[in-house]
Asks: 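Take a look at the following structure, please.
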2 protein chains.
Amino acid sequence: MAESAEIVESEESCAALRSILSRVGEKWAPVVMTELVTEPRRFNELRRRLAPITQRMLTATLRGLESDGLITRTVHPTVPPQVEYGLTDAGRELLAILSGVARWTDRHLDAIHTARQASRGR
Amino acid sequence: MAESAEIVESEESCAALRSILSRVGEKWAPVVMTELVTEPRRFNELRRRLAPITQRMLTATLRGLESDGLITRTVHPTVPPQVEYGLTDAGRELLAILSGVARWTDRHLDAIHTARQASRGR
DNA sequence: CCGTATCCCCGTGGATACTG
DNA sequence: CAGTATCCACGGGGATACGG
């Protein structure tokens, strides 16, 4: 790699990057992952902690994250049914990277607001 | 901070994080920023390099990135008009963080594909 | 308890045509 | 050259109701 900040390495990895960025850019994805960072949690546990999320959106978010290998879904065949969601190692790594984005965001809160105000004016 | 991987620091920074993640998760945002990493570029220059992007989407993407303070838009009042887009320092920093996400994506390409195949089956 | 199914609104993103 | 304007298809995302 000649350029240090070069991002795209191939067509495939570019597409994968976009899909991951838009995945974690979904409305509830970051908070759901954050909820799972300390320990696995059950569906309604997440639902309560993430209120006012709807069941539908919680399900959709969990399925999406699962389909990208970021979280696991474990069904315990008990009565009543019990399902646990947890971060995969990959998901934990990605979350650590995202916390870098969070720190960037905090550092630039002022600049973001200023830029938005400016574009308001036009 | 007790937990090392904790992301959200406040309501405001949480909202800002989400908005930034969804911004860079937009379809053309990452490639547009990457195009500007080495030097500022003009509108049609970007249009050619990012083909088959449409004018409309290029404009929309540039406006969005500008409104978050990630790129600058400089108009040179010449005939014909000349407009240059460039990364801000903040944008350059963010791009560096995103390259971390790109590396993560490359490392986990296999896992992503496997997870997607698995969720296909259901 | 853990979801699906249905309905509906709205924003994203594409094609095409037109303008300062 | 650097955009706007218009139209349209699609999917994200919310409310509510029902099922295993």
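In what follows, chains are A, B, ... by sequence order, proteins preceding strands, each numbered from 1. For the numbers below, each heavy atom of this structure counts, side chains included, while hydrogens, waters and symmetry mates do not.
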Asks: Considering only NZ, NE, NH1 and NH2 on the basic side and carboxylate oxygens on the acidic side, decide whether A/Arg23 and A/Glu26 come within less than 4.0 Å.
Replies: yes
Asks: Please determine whether a side-chain nitrogen or oxygen atom of B/Tyr85 lies at a distance below 4.0 Å from atom OP1 or OP2 of D/dC1.
Replies: no
Asks: Report yes or no: does A/Ser99 contribute a side-chain atom to a donor-acceptor pair with the main-chain N or O of A/Ala102 at less than 3.5 Å?
Replies: no
Asks: Which residues satisfy the side chain to side chain contact (heavy atoms under 4.5 Å, CB included) test with A/Ser19, sequence neighbours excluded?
Replies: B/Arg116
Asks: Taking atom P of D/dG3 as reference, at what distance in whole Å does atom CD of B/Glu84 sit?
Replies: 12 Å
Asks: Does B/Arg73 have a side-chain nitrogen or oxygen under 4.0 Å from the phosphate oxygens OP1 or OP2 of D/dG3?
Replies: yes
Asks: What residues, two or more places apart in sequence or in another chain, satisfy salt bridge (charged side-chain N to carboxylate O under 4.0 Å, His left out) together with B/Arg18?
Replies: none
Asks: Return each pair, listed once, that meets ring pair (Phe, Tyr, Trp, His ring centres under 6.0 Å) where at least one residue sits in residues 89-115 of chain B; pairs must be two or more places apart or across chains.
Replies: B/Trp104-B/His108
Asks: Return each pair, listed once, that meets salt bridge (charged side-chain N to carboxylate O under 4.0 Å, His left out) where at least one residue sits in residues 77-98 of chain A; pairs must be two or more places apart or across chains.
Replies: A/Glu93-B/Arg107
Asks: Rounded to whole Å, how long is the line connecting atom CZ of A/Arg23 with atom C1' of D/dG13?
Replies: 14 Å
Asks: A/Leu62 CG to C/dC2 C1': how many Å, rounded?
Replies: 11 Å
Asks: Grab the CG-P distance between A/Leu46 and C/dG3 for me, whole Å please.
Replies: 10 Å
Asks: Listed by chain and number, what are the salt bridge (charged side-chain N to carboxylate O under 4.0 Å, His left out) partners of B/Arg47, not counting sequence neighbours?
Replies: none
Asks: Could you tell me how far apart B/Arg47 (CZ) and D/dG3 (P) are, to the nearest whole angstrom?
Replies: 12 Å
Asks: For A/Glu35, check salt bridge (charged side-chain N to carboxylate O under 4.0 Å, His left out) against everything at least two apart and list the hits.
Replies: A/Arg41, A/Arg49
Asks: Write out all pairs satisfying ring pair (Phe, Tyr, Trp, His ring centres under 6.0 Å) with one or both partners inside residues 30-86 of chain B, taking only residues at least two apart or from two chains.
Replies: none
Asks: Provide, to the nearest angstrom, the distance between the CZ atom belonging to A/Phe43 and the P atom belonging to D/dG20.
Replies: 17 Å
Asks: Taking the axis from the first five pairs and the axis from the last five, what angle separates them in the helix from C/dC1-D/dG20 to C/dG20-D/dC1, rounded to 10 degrees?
Replies: 50°
Asks: What pairs of nitrogen or oxygen atoms, one from the protein and one from nucleotides 14-20 of chain C, lie under 3.5 Å apart?
Replies:
unit_1, atom_1, unit_2, atom_2, d
C/dG14, OP1, B/Lys27, NZ, 2.0
C/dG14, OP2, B/Trp28, NE1, 3.0
C/dG14, N7, B/Arg56, NE, 3.3
C/dG14, O6, B/Arg56, NE, 2.7
C/dG14, O6, B/Arg56, NH2, 3.3

Asks: Between D/dA2 atom P and B/Gln82 atom CD, what is the distance in whole Å?
Replies: 7 Å
Asks: Over how many whole Å does the gap from A/Leu58 atom CG to D/dA15 atom C1' extend?
Replies: 16 Å
Asks: Please determine if a side-chain N or O atom of B/Arg63 lies less than 4.0 Å away from the OP1 or OP2 oxygen of D/dG3.
Replies: yes
